[in-house]
Amino acid sequence: MSKRILVTGATGFLGGGVARIAAAAGWKVAALVRPQSLAQTPQEALVISGSLESPDWKAIEDFRPEVCVHCAWEVSPGHYNHSSRNDSLAKATIAFASELYKRGLRKFIGFGSCAEYESSSEALEENAPRRKHPDPYTEAKLKALDAIQECAPSPSAFAWMRVFYAYGPGEPLGKFISSTMQAFAKGETVTLMRAFDIVDYIHCSDVASAAICLAASNEGGIFNAGSGHPLSVRQVAEAIRNVCGRGIITEMPQNEQSSRFANIQRLGNLGWVPRCRLQDGLAEMWMHQALFNPQG
């Protein structure tokens, strides 16, 4: 029988890549999509109309998903961290996963983030300390993680992928890389508020391939999805400037440093490796988005 995967958030930045890479890997793909977003559904996916709060359970039963990759969440830059929707999304996610398990789902894969960890000068392993004072977004994600892990029928039936700093074509304007490219394209100066923070940028296609690797495996628990190559925010900005061919960078004074970069050994043990180097991913973004075209 064909492998079957249900993707939530398939009209979004990361979910769309999951749907496309799953289809390329031989999975039958269905996407849970709100009616107002149907036109944005990847062509590789069967559309199941509905939302987390009100899915079409008959259509889901007919599709018989083996795995669900849950990407849907509030992710609007500058808004998602403190959105009033975070708590309701956590509750809807927990109820959705619980119902899927009751209907025979083998595995539920949720997308978390590196913001669930405390800052550390060392590569973060999956058992690293959680943030003591999370923002509403992170608190809601952790709430969903704990509840779904508790209701999962077996340890292998649940995986939580902590995505580090995802970037790539189609990322929302307002994220650091897209907004920095836009500023350089306009000849504007970019002022870095936290130039010396350490980050770990991973291309969206590598995030998607990590999710599909987990979907095919019998392993559960928490997994880091990052590049494993830490850089300062200043170094990332300089890499963007190198791709754009122009740009002025200034810095604000910084009294403390935050550092989050991934130990990716757990995913590596499943045979996954990130394929896209930062400079290649940045060049792809610059060349394929008209907004950032240096000739524009």
Side-chain angles (χ1 to χ4, degrees), residues 12-22 24-25 71 77 111-115 117 120-126 161-185 190 192 194-214 223-247 249 258-295:
F13 170 50
L14 293 179
V18 171
R20 288 186 288 271
I21 287 181
C71 310
F111 274 26
S113 82
C114 65
Y117 292 119
S120 173
S121 60
E122 303 293 329
L124 288 160
E125 299 183 1
E126 286 81 359
M161 206 165 75
R162 283 186 173 149
V163 180
F164 278 64
Y165 297 81
Y167 77 101
E171 76 171 30
L173 285 175
K175 294 191 71 174
F176 177 70
I177 288 180
S178 59
S179 61
T180 300
M181 280 190 173
Q182 184 180 41
F184 287 162
V190 170
L192 304 177
R194 302 189 63 87
F196 303 107
D197 283 2
I198 303 300
V199 292
D200 182 346
Y201 272 92
I202 177 172
H203 193 269
C204 56
S205 64
D206 285 329
V207 175
S209 69
I212 302 310
C213 178
L214 277 178
F223 294 82
N224 288 335
S227 71
H229 297 293
L231 294 171
S232 70
V233 172
R234 172 83 196 202
Q235 288 174 310
V236 175
E238 289 171 348
I240 298 169
R241 181 174 62 187
N242 289 341
V243 165
C244 298
R246 61 191 181 206
I249 302 170
S258 174
S259 176
R260 291 184 178 87
F261 61 100
N263 178 318
I264 55 175
Q265 187 60 52
R266 282 210 78 201
L267 271 173
N269 290 341
L270 302 181
W272 175 83
V273 292
R275 302 287 184 184
C276 187
R277 301 183 307 163
L278 180 63
Q279 55 265 45
D280 296 333
L282 294 176
E284 177 189 23
M285 288 181 66
W286 181 253
M287 292 301 294
H288 288 85
Q289 296 190 48
L291 178 62
F292 305 141
N293 192 312
Q295 302 303 317

What closest approach, in Å, do [X] and [Y] show between heavy atoms, and which atom pair accounts for it?
X    : Y    : answer
G226 : I264 : O-CG2, 3.4 Å
A166 : L14  : CB-CD2, 4.0 Å
C71  : G15  : SG-CA, 3.7 Å
A283 : V243 : CA-CG1, 3.7 Å
A211 : V18  : CB-CG2, 4.3 Å
I198 : P230 : CG2-CB, 3.6 Å

Applying side chain to side chain contact (heavy atoms under 4.5 Å, CB included), can you list everything that pairs with [X], at least two apart in sequence or on another chain?
X    : value
S120 : E122, L124
N263 : A123, E125, Q265
S209 : D206, W272
L231 : Q235, V236, L278

For Y165, which residues count as a ring-ring contact (aromatic ring centres under 6.0 Å, His included) partner, sequence neighbours excluded?
Y201

Counterpart residues, side-chain hydrogen bond (donor to acceptor under 3.5 Å, both in side chains), relative to [X] (two or more places apart):
X    : answer
S227 : D200
S205 : H203
D280 : R277
E238 : R234

Could you state the interatomic distance from [atom1] ([X]) to [atom2] ([Y]), rounded to the nearest 0.5 Å?
X    : Y    : atom1 : atom2 : value
C204 : E284 : SG    : CD    : 7.0 Å
L192 : T180 : CG    : OG1   : 7.0 Å
M161 : F111 : CE    : CZ    : 3.5 Å
S179 : F184 : OG    : CZ    : 9.5 Å

Please step through side-chain contact (heavy atoms from CB on, under 4.5 Å) for the pair V233 and F176, ending with a clear verdict.
CA-CA 9 Å; V233 172; F176 177 70; 3.8 Å; yes

N224/R266 under side-chain contact (heavy atoms from CB on, under 4.5 Å): CA gap, chis, key distance, verdict:
CA-CA 7 Å; N224 288 335; R266 282 210 78 201; over 6 Å; no

Would you say that L282 contacts Y167 through its side chain, given a criterion of any heavy-atom pair below 4.5 Å between the two side chains?
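Answer yes - side chains close enough.
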
Listed partners of R162 passing salt bridge (charged side-chain N to carboxylate O under 4.0 Å, His left out), at least two apart:
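If we apply the salt bridge (charged side-chain N to carboxylate O under 4.0 Å, His left out) test to R162, skipping adjacent residues, the hits are E116.
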
Please report the C-alpha distance between L267 and L214 in whole Å, then the side-chain angles of each, then the deciding distance to 0.1 Å, and finally whether the side-chain contact (heavy atoms from CB on, under 4.5 Å) criterion is met.
CA-CA 8 Å; L267 271 173; L214 277 178; 3.9 Å; yes

Please check this pair: side chain of E171 against backbone of S178, looking for a donor-acceptor N/O pair closer than 3.5 Å.
yes

